[in-house]
Every structure is written in C-alpha cells, then in structure tokens.
Amino acid sequence: MTASPRPLSLGVHVTGTGVDVAVLAPHASAVELCLLDGPHDAPTERRVPLDGPRLGVWSASVPGVRPGQRYGFRAHGTWEPAYGMRYNPAKLLVDPYARGLVGELAHGPQTYGHVVDDDLRGDPYGPADDRDSAPHVPHGVVVDTTDLPGPDPAANRPYHPWSRTVVYEAHVRGLTRLHPGVPSELRGTYAGLAHPAVVDHLLGLGVTTLELLPVHAFASEPHLVAKGLTNYWGYSTLGFFAPHAAYATATARATGAAAVLAELRGAVHALHEAGIEVVLDVVYNHTCEGGLPGQHVSWRGLDHAFYYLHDGAVPATPVDVTGTGNSLDFRRPQVVQMTMDSLRYWAQVVGVDGFRFDLAVTLGRGHDGFRPDHATLVAAATDPVLHGLKLVAEPWDVGPGGWRTGQFPPPFAEWNDRFRNAVRSFWLADPARAAHGLPGHRMRDLATRLSGSVDLFGHGSPPLVRGPRASVNYVTAHDGFTMADLVAYDHKHNAANGEQNRDGTDDNRSWNHGVEGPVDEASPAVDVAPLRRRSVRNLFATLVMSAGTPMITAGDETGRTQRGNNNAYCQDNEISWVRWDLSPWRANQLATARHLLALRRDHPALRTDRFYSGAPRVPGGQKDLAWYVADGTEFDHGRWHDASVRTFQMLRVAPPPDADQVLLVVNGALDAVDVTLPSVPGGPWELAWDSVWEHPAEIRTSAITGALHLEPGTTTPLEPLSMRVYVRS
C-alpha cells in the first residue's frame with residue numbers, strides 16, 4: 001500500500017496495478033480497507049490502513065486488487081454517541097461509493113453499533129457492541145467502469161421535448177412479474193423491462209418516458225422483516241452508486257456485480273433504441289440506516305454527526321424531516337458532492353435520461369430552511385453532465401415549511417399534488433357529496449389545473465418562464481389508490497401491511513359510487529359498474545387533456561387494482577404487480593387510454609409549452625384559451641365563484657402556423673345537461689371522444705346518428721358525469 005500523491009475520487013477505482021481508494025470520514029482516527037474473500041457468512045479479511053485524513057478523506061493506492069474483489073471499511077475513533085461520535089471498528093461498513101454490492105443486510109444484533117437485545121432493543125446512547133458484523137452486512141464489490149463501452153451518446157439518445165413527454169411510472173419487478181409475453185427467467189428483472197412485449201406495450205400506449213421506482217441498492221427496514229414483509233418500493237437506500245442486485249436475472253447475479261450493472265445498462269440501451277427515455281426515481285434525502293436506534297451499516301459508522309442532520313444539542317438527536325428516522329445534511333458540501341457524483345455516474349455510466357427526486361425539499365434545506373437557490377439545486381441545474389436531462393422534484397418533505405410546490409428553480413419540473421387533488425375532488429369527492437345533498441368545490445380550481453397551473457408555476461424571473469412543462473400532472477402514483485380503486489373504495493384497506501390499517505393517507509378524495517369494493521355480474525350492486533368505468537375514463541382523460549406533462553401510473557391504463565390498499569410499499573406480490581390478463585372492460589380501458597394519448601399526440605392545441613394568456617397570439621386571431629358555460633356564452637366573474645356551476649367548455653387554440661383547436665366539454669353534475677357549443681369562427685366541430693363510450697370504436701355509432709359533426713351554436717345533450725372532446729383542424 002502506498003499513500004496517494006494526489007487527491008483521489010471517492011470510492012474504489014481500478015488502476016493498471018490495483019485500485020485507488022478514498023473514503024470520507026472526517027472525525028475518524030483511523031480507517032482500514034478490508035479485503036474480503038471466502039464465503040460471505042465466514043469471510044477471511046485482509047486489512048489495509050489508509051492514509052489521512054486529508055480534507056476529511058482517507059485514501060491509498062493498493063496494488064494487486066482486481067475487479068470482483070469484495071471489500072468494506074472499518075472506521076476507528078471515539079464512541080461518544082451523545083456528541084454524535086459513533087465509531088465502532090467491529091462493524092464492517094459499506095462504501096457509500098460502491099459500484100456493486102453483494103449479500104443481504106441481516107437484521108440481528110450484530111448489525112447495530114450499540115448493544116441491543118435479541119428483540120433489537122437497546123439504548124442508542126449506551127455502550128458499543130463488539131460483535132463483528134462482516135458476515136451480516138452487504139460487501140462492496142470492485143467494479144471496473146473505465147473500459148466499459150460508453151452509454152448511448154447524447155446525440156443517439158431519444159429526446160422528447162416536455163410538451164410531447166408522457167411519463168409512465170413503473171416498478172422494475174412489478175411491471176413484468178406477471179407478464180405472459182416475457183420469458184419466465186426475465187420476469188421482474190432489468191432485462192424484462194426491455195423485452196419486446198413490454199416495449200411494444202409502452203409504444204402502443206404512447207409513452208415517451210419510463211420512470212422507474214428506485215433501482216439504487218436498498219434494504220428493508222427491520223420492522224418489515226419482523227413481519228415477513230419487504231420494502232417493495234425501494235425508498236430505503238443502501239448505496240447511491242450500486243444497482244439493486246435483486247432486480248437482475250439469476251444469471252447476472254451469479255456472474256457478479258459487473259454483470260448486474262451490464263444488464264441494467266443493456267436495458268437502458270434497448271429502451272433508447274425503441275425511442276423511450278429512462279428516468280430514475282432517486283432517494284438522496286435519507287438512507288436505510290433509519291433513526292438513531294437503527295443499524296450501523298455505512299454513513300453512521302463513517303461519520304454519523306457529519307452525514308446526518310442533527311439538532312445541535314447534547315445528546316445529539318437526528319432531525320427527521322423525511323419521516324424515515326434520518327435525513328442527510330445538505331448543509332454539508334460533501335453531502336452535496338456525494339449526490340452530484342452519484343447523479344453524474346448514473347447519467348454517464350448507465351446512460352439514464354433524468355431523475356425524479358424523492359422528497360426534494362430535503363435536498364434544498366440549509367441553515368434557514370428550504371431555499372430555491374440551495375447549492376444542491378443550483379449544482380443539478382447547472383452541471384454540464386446533467387444539462388438537458390429531465391429533472392423532476394417531489395416538492396415536499398415532512399419538515400417545517402415542507403410543502404413547496406411551484407418553488408423549485410428552472411429547469412426542474414415538479415409533481416403537482418394540487419392537480420391530483422383538484423381532479424379527484426371534481427370527478428369523485430364532489431359528486432359523492434352531491435349525492436348526499438352537500439356542496440362541492442368550485443370548478444375554478446380544476447380550470448386552473450387544466451390550463452397548466454400558472455398560479456403555482458408562473459412565478460420566477462422573468463415571470464411565466466417555466467411554462468406548463470414544469471407541472472408534472474398526475475391523478476395517481478405509486479403511493480395511494482390506483483385509478484380503478486379510486487372509483488371503488490371510500491376507505492383504505494391496508495390490513496395486509498400489518499399496521500392495523502393505520503398507515504396510508506385518509507385524504508383519498510375517492511368515491512365508491514355507493515358500494516365498497518369490487519362488484520361482479522351476480523352482485524345486486526352491478527348497476528354501479530358502468531358509472532365506475534366512466535369515472536375512470538373521466539379521470540384518465542382529464543390527465544391526458546390537461547396542459548402540462550402527464551404521468552401515468554403503471555396499470556392504470558388497464559384498470560389495475562390493489563384491492564383498496566393505498567400504501568402497498570411492502571407488498572411484493574399480486575397486490576402490487578401489474579396484471580396483463582385483460583377482462584373485456586380492462587381491454588376497453590386500454591383502448592381508451594391509447595385513443596386519448598393519440599389525440600394528445602396529434603393535436604398541438606393540447607401540448608402548449610407556454611402559459612395561456614386568454615388573448616389572441618396574433619392580431620385578429622382567436623383567443624388561445626376561452627371558457628364557456630353550458631349555454632355557449634363565456635364565463636363571467638360571478639360564474640367562476642358559483643359552486644353550483646358544474647358544466648363548462650374549455651376551448652384551446654394552437655399558435656400559428658397550426659390551425660388546431662380542441663374543445664373540452666365537461667359535465668360534472670349528477671344530471672344530464674343540454675350544452676350549446678360556442679359560436680366561434682371556424683368549421684364544424686368533430687366529436688373525437690366521449691367518456692360514455694366503453695370503447696373508442698363507439699365513434700362509429702355517433703357517425704351513424706349524425707352526431708359526429710356539429711355546427712357552432714348547436715345544442716346537444718351531455719350525460720351526467722361525462723366529458724367530450726371536439727376537434728377542429
């Protein structure tokens with residue numbers, strides 16, 4: 001071993017003669033690289049002392065170490081938990097920069113830095129535990145990425161402008177686990193994502209961008225393991241550079257960490273070849289080590305007080321703004337550096353096209369709370385490697401002042417929870433209240449969401465610069481009810497999670513249409529089924545027809561149910577997996593989803609990249625956006641504030657040179673309404689879709705009855721709780 005003559009990149013990097021090693025542990029008195037051989041449960045170990053610390057980093061050049069070598073670190077120093085110092089050399093520590101990991105994290109007392117009993121209870125400020133953790137924790141694996149063929153060059157990657165982007169949020173395992181067209185050995189794997197059967201489905205649906213739930217290596221929380229459950233979603237990061245090995249095929253796992261990485265890279269490349277972007281859901285706000293009573297796996301052992309956000313008191317207590325027990329401290333430049341190094345790695349080596357940042361407010365927290373100009377956000381927005389990639393913030397956390405929708409800087413887009421709430425309220429919660437004679441919300445909130453949420457995303461310097469692209473619209477996501485469950489359940493049904501139905505939100509804004517749960521043809525409540533199906537179509541159409549970027553949750557296009565579970569984070573089973581056996585109504589729903597997304601793709605009026613002004617874009621032209629009530633007259637101030645108004649028409653006009661116009665006609669009332677189409681210049685209105693149709697092919701019936709083309713000023717009946725799309729071109 002020789003001391004490095006120059007600063008080294010953090011992690012373990014292969015050289016011509018061995019490896020260069022560097023790890024951040026500012027308060028340690030000594031750090032050792034531990035080279036591991038033999039069986040995982042009884043490894044032999046060679047310890048190499050590192051030189052340092054230099055600017056908090058311990059490093060060395062170590063000859064003779066080759067790719068595939070297992071390794072970890074042991075950090076020596078003070079055990080003074082009351083002051084945040086938790087050094088315990090009995091614990092083998094995972095390299096935060098490990099490119100590969102092998103082995104599972106066990107959940108016995110050996111994996112805790114402090115003494116715990118067999119029930120994992122103990123005083124986190126008590127004495128250190130002296131049992132060796134090496135057989136019980138994952139081991140890093142040396143992976144050589146220097147000679148890998150480069151990821152798809154930027155010029156050869158697909159790029160879809162935000163105005164044409166359709167995001168599809170999916171789980172690597174859950175998307176293909178039940179897919180009959182995917183070979184059994186590929187189901188639930190990275191390779192399965194890129195199978196032609198999956199690619200054809202995505203392309204046929206109209207998806208441009210596949211957003212994957214976390215693929216960073218992660219571990220399950222001890223309380224889940226005790227119940228025989230797992231962290232299915234993966235929001236419990238164990239390594240910010242290593243792919244989650246369990247998602248690779250058995251062949252790749254047996255071959256080693258480099259093969260796992262190669263399989264993921266191959267899937268990304270194949271999706272690129274099909275024209276599909278890949279965005280990763282990334283969790284930099286916290287780690288799998290949990291709260292202070294938690295395990296001693298990596299960052300806690302390298303420098304607990306440095307990596308994690310603390311209250312500054314004695315005894316040192318972590319500040320939890322994520323709801324997970326710990327939060328990384330983004331006041332530390334080195335934590336920002338780790339995040340940026342990870343993002344660059346996934347962009348350059350794996351070749352992904354963007355990131356969705358879980359609980360992104362935590363990443364922007366400084367000494368005085370959240371700041372849009374925080375170093376993390378500025379670095380991500382300006383980094384040349386990340387330039388042009390899609391960056392999406394989940395704009396909240398659970399800390400003080402944690403709701404920040406609309407406050408992230410360009411070029412970030414953001415999940416728009418206000419869109420979700422407005423759409424659910426209008427189509428489900430309000431009709432449910434109306435059925436009991438209770439008032440609902442005014443439609444102006446839905447109107448704002450349909451037109452791009454300028455109230456949230458119009459701020460900035462200069463104003464309006466972000467445009468509707470900043471709003472990632474969604475009705476459902478991985479957390480919460482599926483779209484089919486929104487129309488079938490008034491209450492969550494999370495008993496399978498083992499928390500007495502206490503977990504998961506109670507603010508679902510759902511409507512079971514009078515009967516809780518599924519109904520079949522033999523049920524006395526079978527009459528609610530058609531209305532439920534129509535409600536799903538209304539929700540999906542509102543998502544697709546709105547200004548902004550639509551995000552579809554995997555399976556909503558085929559009516560997937562989670563049996564009323566609105567927090568299936570620990571359900572790695574058929575509750576969560578996407579079903580591919582389509583009943584007639586589910587096949588109809590898929591056809592409807594394809595039709596609606598084709599309308600969006602074909603009509604520029606539905607894909608604006610600028611906020612509407614309500615005025616003509618060219619002298620003498622039509623307004624780019626206009627609103628009409630049922631009788632065909634324009635909205636006035638009083639009607640916007642009238643909660644009884646549940647029927648409206650929204651006219652959007654594409655800017656020149658397109659002559660495209662789209663009219664959305666919406667009836668959110670429980671009764672049928674006669675609607676007079678607005679008398680605006682132009683030819684007849686062509687009916688492109690009606691939510692009363694079980695299948696888009698029913699347009700033929702409308703053509704037979706002569707209702708397919710209507711002149712401006714024509715009055716036509718509109719069914720209760722329904723929506724139509726008319727077009728002109």
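Keep in mind that the numbers below use all heavy atoms, side chains included, and drop hydrogens, waters and symmetry copies.
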- Using modelled atom types only, decide if a donor and an acceptor are shared between the side chain of Asp397 and the backbone of Leu359 within a distance under 3.5 Å. no
- Task: Kindly compute the distance separating CG (Asn567) from CD (Gln562), expressed to the nearest 0.5 Å.
- Result: 9.5 Å
- Query: Is Arg646 paired with Asp430 through a side-chain N to carboxylate O contact shorter than 4.0 Å?
  - Reply: yes
- Message: With a 3.5 Å distance limit and no angle check, can you tell me whether Glu277 reaches the backbone of His160 through a side-chain donor-acceptor pair?
- Response: yes
- Full working for side chain to side chain contact (heavy atoms under 4.5 Å, CB included) between Phe635 and Val645: CA-CA 10 Å; Phe635 264 80; Val645 175; 4.0 Å; yes
- Query: Roughly how far, to the nearest 0.5 Å, is the CZ atom of Arg418 from the OG atom of Ser471?
  - Reply: 11.0 Å
- Item | Residues that His513 engages under side chain to side chain donor-acceptor pair (under 3.5 Å), provided they are two or more places apart | Ser535
- From CZ (Arg600) to OG (Ser546), nearest 0.5 Å: 8.0 Å
- Query: Should Asp485 and Asn566 be marked as a side-chain hydrogen bond (donor to acceptor under 3.5 Å, both in side chains) after you check the CA-CA gap, both sets of side-chain angles, and the distance that decides it?
  - Reply: CA-CA 9 Å; Asp485 286 353; Asn566 75 351; over 6 Å; no
- Within 45° of the ring axis of Phe426 and under 6.0 Å from its six-membered ring centre, is that where the NZ or CZ of Arg509 lies? no
- Query: Strictly by modelled atom types, are Thr322 and Asp320 linked by a side-chain donor-acceptor pair under 3.5 Å?
  - Reply: yes
- Task: Please lay out, stage by stage, how Asp455 and Thr448 fare under the test side-chain hydrogen bond (donor to acceptor under 3.5 Å, both in side chains).
- Result: CA-CA 8 Å; Asp455 62 328; Thr448 304; 5.5 Å; no
- Note on the structure: The reported gap from OG1 in Thr592 to CZ in Arg594 (rounded to nearest 0.5 angstrom) is 11.0 Å
- Please confirm whether the backbone N or O of Lys492 pairs with a side-chain atom of Asn501, one donor and one acceptor, at under 3.5 Å? yes
- Roughly how far apart are Leu428 CG and Leu539 CG, rounded to 0.5 Å? 5.0 Å
- Is Arg371 atom CZ crowded by more than 12 heavy atoms from other residues, nucleotides or ligands, each under 6.0 Å away? no
- Task: Give every residue pair that meets the ring pair (Phe, Tyr, Trp, His ring centres under 6.0 Å) criterion with at least one member in residues 467-488, sequence neighbours excluded.
- Result: Trp233-His478, Tyr235-His478, Trp415-Tyr474
- Item | Result of checking Arg356, Arg404, Arg466, Arg469 against Glu414 for salt bridge (charged side-chain N to carboxylate O under 4.0 Å, His left out) | Arg466
- Query: Should the ring pair Phe648 and Trp627 be called parallel, tilted or perpendicular, given that the plane angle runs from 0 to 90° and is split at 30 and 60?
  - Reply: tilted
- Do any N or O atoms from the side chain of Gln589 and from the backbone of Ala587 form a donor-acceptor pair under 3.5 angstrom? no
- Query: Is there a donor-acceptor contact under 3.5 Å from the side chain of Glu516 to the main chain of Asn512?
  - Reply: no
- Query: So how far is it from Asp690 CG to Arg534 CZ, rounded to the nearest 0.5 Å?
  - Reply: 8.0 Å
- Item | Expected output: side-chain Arg532 to main-chain Val487 donor-acceptor under 3.5 Å | yes
- Query: Between the side chain of His603 and the main-chain N/O of Ala605, is any donor-acceptor distance below 3.5 Å?
  - Reply: no
- Query: Hey, do the aromatic rings of Phe370 and Phe330 have their centres closer than 6.0 Å?
  - Reply: no
- Query: Is Asp353 paired with Lys390 through a side-chain N to carboxylate O contact shorter than 4.0 Å?
  - Reply: no
- Message: Are more than 12 heavy atoms, taken from residues, nucleotides or ligands other than His441, located less than 6.0 Å from that residue's NE2 atom?
- Response: no
- Would you say Asn494's side chain and Asp503's backbone share a donor-acceptor pair under 3.5 angstrom? yes
- Query: Cut-off 3.5 Å, side chains only: do Ser691 and Asn538 have a donor facing an acceptor?
  - Reply: yes
